[in-house]
Amino acid sequence: MIKIGPVSIEKFSARESELKRLDKIQSDYLSGYRRNLAVLGPWSIGKTSLMLKFIHDRLNPDLFPVYLNLEDGFLKESFFGFLLYSLRNLSLKKESYSLANVGDSAAAIEKEYPQLASAIKHIESASRSNNYLTIMDSILGLPDIVKKKFGKNCIFIIDEFFSLDKLRVSSWMQMLRDHIMLDKYTLFVLISSEIERSKSVLNSEFSLLFGNFEIIELDNFSYHESVDFTESRLGGIKIREPNTVEKMIALTNGLPLYLDILTSWIDENVDLFDWQSFIMMLKEVLLNNKGFLYRYFSEKLRVIPGDDKFQEFLPFVIEVARGNTKRRELKKKDFSYATSNYSMNGFLEKNGSFFRIKDPLFRIWLLCAYNADLMGLKLSSELKEEMLTKEIEAVGSPLNVFVNSGDIENMVTRLILNFDNEFIEIGGKKKQLPKLSSVKTLFQSQNFSVLQAEKAKAGRWLFVVISPEFQEQDAYILLESLKSKEINFNQKIAVMVQRDDSNISLIFKTKGFWVCLLYTSPSPRDRTRSRMPSSA
């Protein structure tokens, strides 16, 4: 099984806005206003790394950290090791100590900090009999001891808290709820990769408590964060072809894990990075069955819920990977799964009438490696490289590469003409876009374009295409200009390209517009809200 741990403190990159939010939550708590926190995001997105970076660099000395990692169940030595680390930081015994040389942490705590000896013995005794209810009860009682014995409030972090289900801790949710509600000297941080389930629990079982939960939801790096990450990792490598680095960023979709794996390969294997070494890297890491990403994707497929149906589902997935993304066309080919909500462990995205493999590297792996290996095809290295090169070249450019509004206008025009009575999601609701026969530009400026699309039965549709540089004052000027033209439209849509600004959205919504977001890869901070599918 592939095990991916948090990135080292020295290699941590980006996430500055999230760290600032943690600073604010910490500051508010120390000032008497408690907001407990949930850090959510897909597996391997960097949730644990974020919290460890915060604890290491920015935690106020008035707060004592307790960290319980349940990703692989209750690991006694890991828990005691971090607790000993926190205690020695508290007592300034830092000279010769690191988490790597802990040894028997429980014995060290009992010897050096007798105030906690009784609690440690309870946890050890319960651990020997796998009594996880007693273990959790004792661990949740630690903040009270820390407050009484050391005069410190606690920040209590539970990583992958739904794993308490697997440990069969009876009524764990009620136990946790009671502590969150009553332990006023503790700031709770819950971490989870189960995003929707977490939100549901936070809005039900954990709602209306003393100190409601704020959510930090981690997504892939933005384009600029991806560039900064890559530059920091490849500082000593000569880059012959900068567009190769751009293509690598687009392929990773801004996922920190992929960027880490690929930049590590470059750092360890080449002194000069060009197209040839780029292809060599992907062949070794992605196409070779011993490569990290090959094994990573294979393992993720093995743990997909409903794995018994996956072989039946695979032809549909391969067809989507090949670019056949419209539900109508997939149904014509008798792919029954075209009507299902099967997300394939988050790899498959359904948006209205469109399907998409969200992850470019996974899509390429499916087509160039997994599908061929599954069918027993012995493809030559040259043929695999040819297929790989073709798929790489088909991947779009990274975020923020548009030079002017004309580029954006042309892209949206092609999207509009490609719709054929399919649905997109806007504001959580399905909206049908008809097959429009013509698109013309009414007027444009540097920051926006106004397009009119029409067809006899569908009437006249207005599309306002907003560039990333568009400002609030531009919105008022634009809307006044449209009002003066006195043209009636059946529907009005504002397309915000590569940004989401709630104030600008509100201005357009009050004037009867649908507002949707349009992104290309790599994905930005938030891909969960209204958007037009770039696969169109």
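- Side-chain atoms of E454 do not come within 3.5 Å of backbone N or O of S438 as any donor-acceptor pair.
- The side-chain heavy atoms of F463 and S449, taken from C-beta on, include no pair separated by under 4.5 Å.
- W514 meets the side chain to side chain donor-acceptor pair (under 3.5 Å) test with Q491; sequence neighbours excluded.
- Side-chain contact between L22 and L50 is present, with at least one heavy-atom pair separated by less than 4.5 Å.
- Salt bridge D23/R58: present, at least one basic N to carboxylate O contact under 4.0 Å.
- Heavy atoms only, all atoms of each residue included: R233 and D260 are closest at NH1-OD1, 2.6 Å.
- Using a distance-only test at 3.5 Å, with no hydrogens or angles considered, no donor-acceptor pair links the side chain of E231 to the main chain of D228.
- When the ring pair (Phe, Tyr, Trp, His ring centres under 6.0 Å) test is applied to F229, the partners found at least two apart in sequence or on another chain are F221.
- Salt bridge annotation for R35-E214: present, with a cationic side-chain nitrogen under 4.0 angstrom from a carboxylate oxygen.
- Closest approach of R460 to N488, counting heavy atoms only: NH1-O, 3.5 Å.
- At least one donor-acceptor pair closer than 3.5 Å links the side chain of D359 to the backbone N or O of F362.
- For R197, the salt bridge (charged side-chain N to carboxylate O under 4.0 Å, His left out) test picks out D165, E194, with sequence neighbours left out.
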Can I158 and V189 be said to form a side-chain contact (heavy atoms from CB on, under 4.5 Å), step by step? CA-CA 6 Å; I158 306 179; V189 179; over 6 Å; no
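- Contacts classified as salt bridge (charged side-chain N to carboxylate O under 4.0 Å, His left out) and involving residues 36-47 (residues at least two apart or in different chains) are not found.
- F156 meets the ring pair (Phe, Tyr, Trp, His ring centres under 6.0 Å) test with F188; sequence neighbours excluded.
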Step by step, would you call E71 with S163 a side-chain contact (heavy atoms from CB on, under 4.5 Å)? CA-CA 7 Å; E71 183 178 354; S163 293; 5.7 Å; no
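- Electrostatic pairing of K199 and E217 counts as a salt bridge here, judged by a charged N lying under 4.0 Å from a carboxylate O.
- Side-chain contact between S222 and E225: present, with at least one pair of heavy atoms (C-beta onward) separated by less than 4.5 Å.
- Take F513 and apply the ring pair (Phe, Tyr, Trp, His ring centres under 6.0 Å) test, not counting sequence neighbours, and it matches F508.
- In this structure N503 satisfies the side chain to side chain donor-acceptor pair (under 3.5 Å) test together with E472, sequence neighbours excluded.
- Counting only heavy atoms from C-beta outward, the side chains of V285 and I261 approach each other to under 4.5 Å.
- Within the 4.5 Å cutoff, the side chain of P65 has heavy atoms near those of the F82 side chain.
- Nearest heavy-atom pair, G512 versus K492, reported as atom, atom and distance to 0.1 Å: O-CE, 4.0 Å.
- Nearest heavy-atom pair across A494 and I466 is CB-CD1, 4.3 Å.
- Separating the CG atom in L272 from the CD1 atom in I266 is a distance of 11.0 Å, to the nearest 0.5 Å.
- Two residues are said to be in side-chain contact when any heavy atoms from C-beta on lie closer than 4.5 Å; L361 and Y296 fail this criterion.
- In terms of modelled atom types and a separation under 3.5 Å, the side chain of S204 and the main chain of S200 share a donor-acceptor contact.
- From T389, atom OG1 reaches atom CZ of F278 across 9.5 Å, with rounding to the nearest 0.5 Å.
- E18 contributes no side-chain N or O that, together with a main-chain N or O of L218, makes up a donor-acceptor pair within less than 3.5 Å.
- L451 CG to L436 CG: the interatomic distance, rounded to the nearest 0.5 Å, is 11.5 Å.
- Listed by chain and number, the residues in a ring pair (Phe, Tyr, Trp, His ring centres under 6.0 Å) with F162 amount to none (sequence neighbours excluded).
- Annotation: salt bridge (charged side-chain N to carboxylate O under 4.0 Å, His left out) contacts of D62 (sequence neighbours excluded): K152.
- For the side chain to side chain donor-acceptor pair (under 3.5 Å) test, residues two or more places apart in sequence or in another chain that qualify with S192 are S198.
- Side-chain contact between L251 and L282 is present, with at least one heavy-atom pair separated by less than 4.5 Å.
- Taken from CG in N153 to NZ in K184, the straight-line distance is 10.0 Å, to the nearest 0.5 Å.
- Ring planes of F297 and W365: tilted class, angle from 30 to 60°.
- Ring orientation note: the planes of F161 and F206 are tilted relative to one another, at an angle of 30° to 60°.
- Atom CD1 of I215 and atom CG of N203 lie 6.5 Å apart (nearest 0.5 Å).
- Once rounded to the nearest 0.5 Å, the distance linking CG of D159 with CE of M51 reads 9.5 Å.
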Pair F443-S481, side-chain contact (heavy atoms from CB on, under 4.5 Å): steps then yes or no: CA-CA 10 Å; F443 55 94; S481 181; 3.7 Å; yes
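- When all heavy atoms are compared, the tightest approach of C154 to V66 is SG-CG2, 4.2 Å.
- A heavy-atom distance below 4.5 Å is not found between the side chains of N220 and T252.
- Neither side chain, E160 nor W43, offers a donor N or O lying under 3.5 Å from an acceptor on the other.
- Listed by chain and residue number, R240 satisfy the salt bridge (charged side-chain N to carboxylate O under 4.0 Å, His left out) test with D274 (two or more places apart in sequence, or in another chain).
- Among residues two or more places apart in sequence or in another chain, the salt bridge (charged side-chain N to carboxylate O under 4.0 Å, His left out) test is passed with K24 by D28.
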Evaluate side-chain contact (heavy atoms from CB on, under 4.5 Å) for V464 paired with V495, printing each intermediate quantity in order. CA-CA 6 Å; V464 176; V495 182; over 6 Å; no
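- A donor-acceptor pair under 3.5 Å links the side-chain atoms of Y29 to the main chain of T186, judged by distance alone.
- The two atoms that bring P256 and I45 nearest to each other are CG-O, 3.6 Å, heavy atoms only.
- Checking N253 against Y258 by side-chain atom types alone, no donor-acceptor pair falls below 3.5 Å.
- Using modelled atom types, no side-chain atom of N36 and backbone atom of L187 make a donor-acceptor pair closer than 3.5 Å.
- Checked by atom type and distance alone, the side chain of D474 pairs as donor or acceptor with a backbone atom of Q471 at under 3.5 Å.
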